Amino acid sequence: MEATVIRTGTEGKTWGGGNEPLRASYGKMMMWFFIVSDALTFSGFLAAYGFSRFKFIDSWPIADEVFNHFPFLHGVDAPMYYVALMTFILIFSSVTMVLAVDAGHQMKQSKVAFYMFLTVIGGIIFLGSQAWEWKNFIQGEYGAVTTQGGNILQFVNEDGKRVALADFTTAGPATRVQHERSNGLWFTDEPDLPTYTVQEVISGFEANPNLYVRTQTINEEGEKTILSRQESQRKLEQEAVGIVEGANLTQNEYGVPLFADFFFFITGFHGFHVFTGVMINIIIFFNVLIGTYERRGHYEMVEKVGLYWHFVDLVWVFVFTFFYLV
Amino acid sequence: MAHSSSHTTHESNTKKIWIVFLILSVVTLVEVILGILKPDILVNYNFLSMKWLNWIFIILTIYKAYLIAWAFMHLDHESKGLRRSIVWTSVFLIGYLMFILLIEGDYIYEVYKNNRVAWDF
């Protein structure tokens, strides 16, 4: 039975909905406008990052020194290789996506499915890489001392190479037990206790005459300032108040706390986009497999999720530049 | 719909896609190599109070963004109106946001630096 349909005689004409503003279909245009608004969100994050960086322009952490890990290369200084690899992975998954769109234009179902599959795999590899990057960042490598003024003091040897706290400090017997819900007040607890106390670090420092303190201040050559031995000792004894190993939202061993905050928020928000992109791509991949778009007669849906996926890549290009290069 | 049927006779663009991928890869490689080498000429000289190296990074990034938007997101096939509503909206709003926040950040830096009150105590 056919439902009652009122025909106005304008079907296909402008007032009957037959017009496409800007000669784009509704879905595609709305995807574009969503992308524009999302781009503004990301630029808000990046602009805030720029603001904080300009605010601490002479003490901001140097990205090359923070992100210098590469899988299976332990102890090798590999600045940026890993992020460059991640960038390639994402660009390549963008290429397979655009190949899927291209195959969709020619109505080649199996080709679309194959390229969509590759795109999903690329996205998952990228997410895994990001997880590894986060793990390294959170875990930290060297550890540092915090000062009363909220600054970070790091340790270097006479060659200017970073030295980890573990290399010169021996942990004494634990002075106290970590307060957990099970052993103290049941309604509160505290974060993990640092491995060393400030006093242990200072005595370790005094026992090793070839160690120096590196402050966050960036000198004329664009490098972090290294204090003389006497200044180092004085600084440690007068200002050191705590130990920090790795990074969280309130403090990190790399420098200004905001650096870690922006790292978590910007790469996290981007990673969330990649994650949703992978999810949507999987849905579309299965739709391609069961022939939804073959029956519909066109693969515009692949094109629309493709726009989103390329946008995620586009954002990463900017994050890469402003977080790792500049 | 006219839109979809016009695409069924679409010819394959695979060659163009691979060329764009090649350009994107080369540009990224150049960025990484410059970032690792940090040539003295580019680091020690400023233009509009920013290092030449950073200018190069930003210009290359915008070039990559242009390639992705035009070749991968097919902005070149969209109508002029849609293209402008996307590009100019972003360019003006983001440009303004960057301008105002970076100037402000620099101002706060100056205040911290020249203030009589020490903030690193």
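Below, all heavy atoms of this structure are taken into account, side chains as well, without hydrogens, waters or symmetry copies. Computed from a predicted model, the values in this text were never measured in an experiment. Naming convention: chains lettered A, B, ... in sequence-line order (proteins, then strands); numbering from 1 in each chain.
Considering all non-hydrogen atoms of both residues, B:Val32 and A:Ala84 come closest at CG2-CB, 3.5 Å.
Contact annotation: the side chain of B:Leu75 approaches that of A:Trp32 to within less than 4.5 Å [non-hydrogen atoms, C-beta and beyond]. The shortest side-chain heavy-atom distance between B:Leu82 and A:Arg23 does not fall under the 4.5 Å cut-off. Under the 4.5 Å side-chain criterion, counting only non-hydrogen atoms from C-beta, B:Thr28 is in contact with A:Phe320. Using a 4.5 Å cut-off on side-chain heavy atoms (C-beta onward), A:Val98 and B:His74 make contact.
Here A:Phe92 and B:Phe21 bring their ring centres to under 6.0 angstrom of each other.
A donor-acceptor pair is defined here as one N or O able to donate and one able to accept, closer than 3.5 Å; no such pair exists between the side chain of A:Thr321 and the backbone of B:Ile58.
Across A:Val315, A:Asp64, A:Ile35, A:Thr87, the residue that shares the most heavy-atom pairs under 4.5 angstrom with chain B is A:Asp64.
Between B:Glu78 and A:Lys28, at least one side-chain nitrogen of the basic residue sits less than 4.0 Å from a carboxylate oxygen of the acidic one, meeting the salt-bridge criterion. Between A:Lys55 and B:Asp106 no salt bridge is recorded (no basic side-chain N to carboxylate O distance below 4.0 Å).
At a heavy-atom cut-off of under 4.5 Å, chain B is reached by no residue from residues 215-225 of chain A.
The distance from the CD1 atom of B:Ile33 to the CE atom of A:Met80 is 10.0 Å, given to the nearest 0.5 Å. Atom-to-atom distance recorded for B:Leu67:CG and A:Leu314:CG is 10.5 Å, nearest 0.5 angstrom.
Residue B:Lys80 does not touch chain A at all, counting heavy-atom pairs closer than 4.5 Å.
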Could you list the donor-acceptor pairs under 3.5 angstrom formed by side chains in residues 86-94 of chain B, with sequence neighbours left out?
residue, atom, partner, partner atom, Å
B:Thr89, OG1, B:Ser85, O, 2.3
B:Ser90, OG, B:Ile86, O, 2.7

Donor-acceptor pairs under 3.5 Å, side chain of residues 306-313 of chain A to any protein atom, not counting sequence neighbours: which ones?
residue, atom, partner, partner atom, Å
A:Tyr308, OH, A:His273, O, 3.4
A:Tyr308, OH, A:Thr276, OG1, 2.8
A:Trp309, NE1, A:Ser93, OG, 2.9
A:His310, ND1, A:Ser94, OG, 2.8
A:His310, NE2, B:Phe72, O, 3.4
A:Asp313, OD2, A:Ser94, OG, 3.1

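Legend: residues meeting side-chain contact (heavy atoms from CB on, under 4.5 Å) with B:Phe47, ordered by chain and number and at least two apart, are B:Trp52, B:Trp55.
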